[in-house]
2 protein chains.
Amino acid sequence: MSSDSNSSIQQIPEPTLRRLPLYHQLLSEKHSEGAKNISCTEISNILGFTAIQIRKDLAYTGAVGRSKTGYNVKELLYILEDILGYTKTKDALIVGAGNLGLALMGYDGFKNYGLNIVAAFDTDPQKTGKLFHGKAVFDISELEKLAKEKGIKIGILTVPSAFAQETADLMVNAGIKAIWNFAPVKINVPDDVLVQHENLASSLAVLSHKLDNLTSVQRNE
Amino acid sequence: MSSDSNSSIQQIPEPTLRRLPLYHQLLSEKHSEGAKNISCTEISNILGFTAIQIRKDLAYTGAVGRSKTGYNVKELLYILEDILGYTKTKDALIVGAGNLGLALMGYDGFKNYGLNIVAAFDTDPQKTGKLFHGKAVFDISELEKLAKEKGIKIGILTVPSAFAQETADLMVNAGIKAIWNFAPVKINVPDDVLVQHENLASSLAVLSHKLDNLTSVQRNE
DNA sequence: TCCTTATCGATATTTATTTATCGATATCAT
DNA sequence: ATGATATCGATAAATAAATATCGATAAGGA
Ligand SMILES: NC(=O)c1ccc[n+]([C@@H]2O[C@H](COP(=O)([O-])OP(=O)(O)OC[C@H]3O[C@@H](n4cnc5c(N)ncnc54)[C@H](O)[C@@H]3O)[C@@H](O)[C@H]2O)c1
Ligand SMILES: NC(=O)c1ccc[n+]([C@@H]2O[C@H](COP(=O)([O-])OP(=O)(O)OC[C@H]3O[C@@H](n4cnc5c(N)ncnc54)[C@H](O)[C@@H]3O)[C@@H](O)[C@H]2O)c1
């Protein structure tokens, strides 16, 4: 039964999955404004995707709407929170308490997404043994012990690129099963560990490229 | 002629565009190691994409390889740098000198990507009038003047979600043509302004979802 | 009550992206 | 020099995603 519900989740396409948080954000806004129902047309007008695409995305979640009225806001919100894992909090740790690592550690928003950053780790004695945003930074040597003790499965990697691979190796040894990698390099891990690359350079490439086209189009008008 | 070269750039698919920085990073590593040539097979072994996909991606850049030897590393590196805009530096400004904004402001890596963050802006008197990472934080009232003076076209938006729309409006008024939005809300801008949404919630959704599947698969084995 | 209309949900079509095939060619070993 | 092989580049096929179509239905007004 639990494997059934999971295999149905599995087949949500990644593009859809990436849009679900946007629907969730909008829904929670609408809910707090007291809206009872919402249609794909209305979501479309606000978020800019086509109503057809939104209807298809929501179909993947199993949400059921009603003709003419659309979806029940509260119900859809719960469905999204469930699928997105916002209801069951997951612990995570950070390795690399630098500019980015500390920013993420201090980010309040994660608790809305069911992510609880427990602590950070670093090699720099200037960083370790201190509290940042109320959370402790430990020496990297404590990583394995704490991760195993607390059964932490998610690791956020924010060390300089040169140390990314060795840090990933430490995380794997510590029992981490999912690495959110902010270093702009590929890291290798065993098959049973997953890596989510968060590469700002990729986004910047898209931005910069679109901007180039925008300005060149304007020059030719 | 310039419109020709641009329209050919325009048709690079976004998935390809997002992979180009990864190729670039690998190429620059190989180049500094003294490698003269590199094949798609070799890139494939390192980055994990199929050689076929890599060959197709590189075809979009106009790079030409040689049978048996592959591509000239230096040549390919230059082509990628050109397409990715790493050679001509673009100025940018940040609005919202908080945790994330300051981390981005202090990020050295951007200079490799041709992005030069000139200054930041904030409303908080605790932040304004100071230097962070050697760069000034000005009051938001200075935004329009400085942006127009320096002809800055790229704005990085790192204010709390509640202020994202009004900040975007200020940026548009200041002549900003591309907004890199880190707030997890949709912002509306005129047609001639582009927005690149950087939504960590989307990435986290993918990560968390894959992790769910991974653990449920392991339970069922 | 009946008609009009907005919406959903299922299915079909189109478009985009990835993956496969295959001939041509350059390199290397014999 | 010859043959084996790795690779590219062009083209084709397969897969994935976005978009369109259309019948069914629920709401609201005539
Ligand atoms: N700062 C940004 O805005 C930004 C943006 C995109 C990507 N990144 C990437 O994120 C990573 C971190 O960037 P940053 O700006 O925070 O750098 P940073 O130098 O400010 O922080 C890196 C931290 O990692 C620690 N560290 C170094 N080696 C370590 C090791 N082996 N084990 C544990 N800790 C170690 C350092 O002591 C430091 O505290 C880099 O890979 C960078 O490319 C940063
Ligand atoms: N910190 C993170 O790791 C992180 C991660 C993902 C997304 N974000 C998003 O990035 C944004 C910033 O996050 P943060 O953690 O840096 O928040 P923060 O509170 O640390 O910083 C926000 C900054 O914006 C300034 N500000 C507020 N209103 C402003 C206005 N109208 N004009 C100019 N400046 C204004 C504040 O004074 C503050 O300095 C938020 O939207 C957040 O959701 C942050």
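Please read all numbers here as calculations on a predicted model, not as lab measurements. Per chain, numbering begins at 1; letters A, B, ... match sequence-line order.
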*Asks:* So, A:Lys177 and A:Asp192, do they make that salt bridge, N to O below 4.0 Å?
*Replies:* yes
*Asks:* Just the rounded figure in Å: distance from P of C:dA6 to CD1 of A:Ile38.
*Replies:* 18 Å
*Asks:* Using a distance-only test with no angle check, is there a side-chain donor-acceptor pair under 3.5 angstrom linking A:Asp57 and A:Gln53?
*Replies:*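 No.
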*Asks:* Under the ring pair (Phe, Tyr, Trp, His ring centres under 6.0 Å) test, which residues partner A:Phe121, sequence neighbours left out?
*Replies:*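 Residues passing ring pair (Phe, Tyr, Trp, His ring centres under 6.0 Å) with A:Phe121: A:Phe138.
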*Asks:* Okay, side chain of B:Gln165, backbone of B:Asn188: is any donor-acceptor separation there less than 3.5 Å?
*Replies:* yes
*Asks:* Base contacts versus sugar-phosphate-only contacts with protein, heavy atoms under 4.0 Å: please encode nucleotides 25-30 of chain C as B, S and - from 5' to 3'.
*Replies:* BBB---
*Asks:* Could you tell me whether the phosphate oxygens of C:dT18, OP1 or OP2, come under 4.0 Å of any side-chain nitrogen or oxygen in B:Arg19?
*Replies:*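 It does, given that an N or O in the side chain of B:Arg19 lies less than 4.0 Å from OP1 or OP2 of C:dT18.
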*Asks:* Classify the side-chain pair B:Ser203/A:Glu198 by whether it contains a donor and acceptor separated by less than 3.5 Å.
*Replies:*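 B:Ser203 vs A:Glu198: donor-acceptor pair found between side chains.
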*Asks:* Measure CD1/B:Ile54 against C1'/C:dA20 and give the value in whole Å, please.
*Replies:*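 Spelled out: CD1 on B:Ile54 to C1' on C:dA20 is 15 Å.
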*Asks:* For the pair A:Lys90 and B:Asp212, find out whether any cationic side-chain nitrogen is under 4.0 Å from an anionic carboxylate oxygen.
*Replies:* no
*Asks:* Whole angstroms only, please: what is the NZ-C1' distance between A:Lys56 and C:dA10?
*Replies:* 10 Å
*Asks:* So B:Thr16, base contact, sugar-phosphate only, or nothing? Heavy-atom distance under 4.0 Å.
*Replies:*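 Counting heavy atoms under 4.0 Å across all strands, no contact is made by B:Thr16.
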*Asks:* Could you check B:Thr158, B:Asn199, B:Ile187 and say which one makes a side-chain contact (heavy atoms from CB on, under 4.5 Å) with B:Asn181?
*Replies:*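 Passing option: B:Ile187.
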*Asks:* Quick one: A:Tyr60 OH to C:dA10 C1', roughly how many Å, whole number?
*Replies:* 13 Å
*Asks:* Just how far, in rounded Å, is P of C:dT21 from CZ of B:Arg55?
*Replies:*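 My rounded result for the distance is 14 Å.
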*Asks:* Out of A:Leu143, A:Ile176, A:Asn116, which one pairs with A:Ile152 under the side-chain contact (heavy atoms from CB on, under 4.5 Å) rule?
*Replies:* A:Ile176
*Asks:* Quick check for you: name the first and last nucleotides of DNA chain D, 5' to 3', having an atom under 4.0 Å from a heavy atom of chain A.
*Replies:*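 First and last nucleotides in contact are D:dA17 to D:dA27.
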*Asks:* Can you check the A:Ile52 CD1 to C:dA6 P distance for me, whole Å?
*Replies:* 16 Å
*Asks:* Does a donor on one side chain sit under 3.5 Å from an acceptor on the other, for A:Tyr107 and B:Asn99?
*Replies:* no
